[in-house]
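None of these values were measured; they are calculated from a predicted model.
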Amino acid sequence: MATMKVIKKRISSVNNTRKIMKAMDLVATSKLQKARLRFDDFLPMCENIKLVMEGVKASIGGEGEGEEEVEFAESRDVKSIAYVVLTSDRGLCGGFNVNISKEALAFINANEGKDAKIIAVGSKGADYFRRRGKQVVFKYAGASESAVFESAELIGDRVTAMYKSGEVDEVYLIYSHFESVLAHSPRMEKLLPIMADPDNGDDAGNIDMKYDPDVGTFISYAVPMYINITVFGAMLESALCEYSSRMTSMDSATRNATDLIDDLTLEYNRVRQGLITQEITEIVSGANALK
């Protein structure tokens, strides 16, 4: 059985850890509120440009427009795929990084035989794929802590250049979708080539789109901007998921530390009571021996 000194030292250590976890919980809560405001402010713009792009996709391949004639929409024999995977730079956020990395890895393995080029936005994702022997062609750190549009432009311009040069034939974006503070789910979007989604309903195809001077010129200008905005929206949403996951994890860790302190305090009192009982017994035995 541990001595009172050892138990008291453990209680002090766990209590210090609980204070750190509580502080991290408060910081994550504050950052979550700010990230939620940023995401809510940006969401209407992101949804609108996606709606416009759905109309553009629906118009590609229409009368007089062949897909092979439109940049960013040409049909290719897929040999190489770029995956933009969004994770965090720090841990202590539950299963946030593992869940999205596993989902991305499963999709990469499902496309076995095609060259996979991973663009890791976040140190945790880059480390995860490198440990598993996957090719990380570009790593961008710091985006989860301070998501700015310039970062999204850097990533978007890179994948656009890779696609235009023929280095990759498809581009996918994989990130965490925010459903609630307690629920996040991996989401994957195909960025390039742009093609109409048959499961997207008829609304996109009913949008009356007029192009000046023509659809090809419009797409050449609009698609890079669409990719940059989509990546930035995913970065904001991923950061929101990270902070909510960290807040939940730190709150759970704080409660566990409190429970552990209660158990250690009970053990401390039992040992103390046992020592007191032993001392009383020794005193009574000594007094009886002197009679």
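- The cationic group of Arg132 lies under 6.0 Å from the six-membered ring centre of Tyr128 and within 45° of the ring axis, placing it in a cation-pi geometry.
- The environment of CD in Glu112 is sparse: at most 12 heavy-atom neighbours from other residues, nucleotides or ligands sit within 6.0 Å.
- The distance from atom CG of Leu86 to atom CZ of Phe96, rounded to the nearest 0.5 Å, is 8.0 Å.
- Atoms CZ and CG, on Arg36 and Asp41 in that order, are 11.5 Å from each other to the nearest 0.5 Å.
- To the nearest 0.5 Å, the span separating CE on Met247 from OG on Ser252 amounts to 12.0 Å.
- Other residues, nucleotides and ligands contribute more than 12 heavy atoms inside 6.0 Å of the NZ atom of Lys31.
- Closest approach of Phe149 to Phe232, counting heavy atoms only: N-CE1, 3.4 Å.
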Using the rule given for side-chain hydrogen bond (donor to acceptor under 3.5 Å, both in side chains), can you reason through Asn269 versus Arg272, listing the C-alpha separation, both sets of side-chain angles and the distance that settles it, and then say yes or no? CA-CA 5 Å; Asn269 291 335; Arg272 182 171 176 269; 5.4 Å; no
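- Residues Arg255 and Asp251 are paired through a salt bridge, judged by an N-O separation under 4.0 Å between the basic side chain and the carboxylate.
- Comment: Arg76 engages Glu74 in a salt bridge, judged by a side-chain N to carboxylate O separation of less than 4.0 angstrom.
- With a 6.0 Å radius and a threshold of 12 heavy atoms from other residues, nucleotides or ligands, Met45 has its CE atom at or below the threshold.
- Minimum interatomic distance between Leu92 and Ser249 (heavy atoms only, all atoms of both residues): O-CB, 4.3 Å.
- The two residues Ser101 and Thr87 have their closest heavy-atom pair at OG-CG2, 3.8 Å.
- Rounding to the nearest 0.5 Å places OH of Tyr140 at 2.5 Å from OG of Ser151.
- When Arg38, His177, His184 are each tested for a side chain to side chain donor-acceptor pair (under 3.5 Å) with Glu237, only one passes: His177.
- Counting heavy-atom neighbours within 6.0 Å of Lys102 NZ, excluding the residue itself, gives a total of 12 or less.
- For the pair Arg158 and Phe138, the cation-pi criterion (under 6.0 Å, within 45° of the ring axis) is fulfilled.
- The two atoms that bring Val136 and Ala126 nearest to each other are CG2-O, 4.1 Å, heavy atoms only.
- Residues Phe39 and Phe178 keep their aromatic ring centres 6.0 Å or farther apart.
- Closest heavy-atom contact between Asp169 and Pro193: O-CD, 3.6 Å.
- Look at Lys50 and Glu189 and you find a salt bridge, because one of the NZ, NE, NH1 or NH2 atoms lies within 4.0 Å of a carboxylate O, short of that distance.
- In this structure, the side chain of Ser30 does not engage the main chain of Leu26 through any donor-acceptor pair within 3.5 Å.
- Between the OG1 atom in Thr3 and the CG atom in Leu275 there is a gap of 9.0 Å [rounded to 0.5 Å].
- Tyr83 and Phe107 have perpendicular rings, their planes meeting at more than 60° on a 0 to 90° scale where under 30° would count as parallel.
- In this structure, Ser244 contributes its side chain and Leu240 its backbone to a donor-acceptor pair below 3.5 Å.
- Across every non-hydrogen atom of Glu179 and Ser185, the tightest pair is OE2-OG, 2.7 Å.
- In this structure, Arg10 fails the cation-pi test against Tyr268, since its NZ or CZ atom is not both closer than 6.0 Å to the six-membered ring centre and inside 45 degrees of the ring normal.
- Atom CZ of Arg130 and atom CD1 of Ile118 lie 10.0 Å apart (nearest 0.5 Å).
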